[in-house]
Amino acid sequence: MATIPPVPDNTENFNHVFKLLQGEYPDAEPMLHFKNPLELLIATILSAQCTDKQVNKVTQVLFKKYSSVEDFANADINELGKDIYTTGFYHQKAKHIIGSAQLILTEFGGKVPDTMEELLKLPGVGRKTANIVLARGYNIIEGIAVDTHVTRLSQKLGLTQNSDPGKIELDLMELAKKEDLENLSMTLILHGRNVCIARRPKCGVCVVNKLCPSSEV
DNA sequence: CTCCCGATAT
DNA sequence: ATATCAGGAG
């Protein structure tokens, strides 16, 4: 014990950090391509441990072949696996997509659910995926999508002491203003991709390096 | 905790 | 060669 740095973490500090980051990424748009909640759900399931660019490449073809919940529910797992092969975890993802589509048909009247509770019942859907579907598919901002970037930046910026994504989400919810919830996740992700890169963070060009406990400059 | 897993950057 | 990418299930 006693090795955890005492981070002077407060709401004011967070708002300062976020304001600076928002200035860097004014139009923090989602990068996944989709035309409806179903496509968003599928694309987000596919995005696990995969770049959005690769997901878009796959879905561009995929959504022409499978265009309805029924198409996915009745898909052959091996064939779907080949269709999404390059996103990685292809067998698991194919199983999850088919399972989700079947549950949507049998339990949710063929419509992608618009509540956290129902979305979490879908196989392959956790809080991160559910938060994205709610926010981008239905304009319902309930929580914050905590992915690997959000986890890393929250820890490095001293916004949380936790490593569990669910706990980090709660920590960020307490710090952020309601009007910031919508863009918080995407802003942190963009900064994580462009500047605070996992392997070699560019602290020298980071707009919040003065406020960052982990800054290397 | 481990496993699932290909594509990409370094 | 290795770490990492809009994670979730067992």
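Numbered from 1 within each chain, the chains take letters A, B, ... in sequence-line order.
Remark: A:Lys82 pairs with no residue by the side chain to side chain contact (heavy atoms under 4.5 Å, CB included) rule, at least two apart or across chains. Listed by chain and residue number, nothing satisfies the side-chain hydrogen bond (donor to acceptor under 3.5 Å, both in side chains) test with A:His96 (two or more places apart in sequence, or in another chain).
At a non-hydrogen distance threshold of 4.0 Å, A:Tyr85, A:Thr86, A:Gly88, A:Phe89, A:Tyr90, A:His91, A:Gln92 from residues 75-97 of chain A come into contact with DNA chain B. Against DNA chain C, the stretch residues 36-57 of chain A makes heavy-atom approaches under 4.0 Å through A:Ser47, A:Ala48, A:Gln49, A:Cys50, A:Thr51, A:Asp52.
Within the structure, the salt bridge (charged side-chain N to carboxylate O under 4.0 Å, His left out) test picks out the following pairs touching residues 35-57 of chain A (sequence neighbours left out): A:Lys35-A:Glu39, A:Asp52-A:Arg193. Pairs engaging residues 122-131 of chain A under the salt bridge (charged side-chain N to carboxylate O under 4.0 Å, His left out) rule: A:Arg127-A:Glu169 [sequence neighbours left out]. Pairs engaging residues 90-100 of chain A under the salt bridge (charged side-chain N to carboxylate O under 4.0 Å, His left out) rule: none recorded [sequence neighbours left out]. Pairs engaging residues 97-112 of chain A under the salt bridge (charged side-chain N to carboxylate O under 4.0 Å, His left out) rule: A:Lys111-A:Asp114 [sequence neighbours left out]. Every pair passing ring-ring contact (aromatic ring centres under 6.0 Å, His included) that includes a residue from residues 162-217 of chain A is listed here, sequence neighbours excluded: A:Tyr25-A:His191.
Heavy-atom nearest nucleotides on DNA chain C were determined for A:Ser185 and for A:Val125, and the one closer to the 5' end corresponds to A:Ser185.
Here C:dA6 presents its P atom at 17 Å from CG of A:Leu184, a figure rounded to the nearest Å.
The residue A:Arg200 sits apart from the nucleic acid: no heavy atom pair falls under 4.0 Å. Residue contacts shown for A:Val150 are absent, as no nucleic acid heavy atom lies under 4.0 Å away.
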Do any side-chain atoms of residues 83-90 of chain A form donor-acceptor pairs under 3.5 angstrom with protein atoms, and if so which ones, sequence neighbours left out?
{"from": "A:Asp83", "atom 1": "OD1", "to": "A:Lys65", "atom 2": "NZ", "distance (Å)": "3.3"}
{"from": "A:Asp83", "atom 1": "OD2", "to": "A:Lys65", "atom 2": "NZ", "distance (Å)": "3.0"}
{"from": "A:Asp83", "atom 1": "OD2", "to": "A:Tyr66", "atom 2": "OH", "distance (Å)": "2.7"}
{"from": "A:Thr86", "atom 1": "OG1", "to": "A:Gln54", "atom 2": "NE2", "distance (Å)": "3.0"}
{"from": "A:Thr87", "atom 1": "OG1", "to": "A:Ile84", "atom 2": "O", "distance (Å)": "2.8"}

Show the atom names and distances, to 0.1 Å, of all donor-acceptor pairs under 3.5 Å that link a side chain in residues 200-214 of chain A to residues at least two apart or in another chain.
{"from": "A:Asn209", "atom 1": "ND2", "to": "A:Cys203", "atom 2": "O", "distance (Å)": "2.9"}
{"from": "A:Asn209", "atom 1": "ND2", "to": "A:Cys206", "atom 2": "O", "distance (Å)": "3.3"}
{"from": "A:Ser214", "atom 1": "OG", "to": "A:Lys156", "atom 2": "O", "distance (Å)": "2.7"}

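An OP1 or OP2 oxygen of C:dA6 is reached within less than 4.0 angstrom by no side-chain nitrogen or oxygen of A:Arg136.
In terms of heavy atoms, A:Leu188 sits closest to A:Leu153 at O-CD2, 3.3 Å.
First and last contacting nucleotides of DNA chain B toward chain A (any atom under 4.0 angstrom from a heavy atom, 5' to 3' order): B:dC4 to B:dT10.
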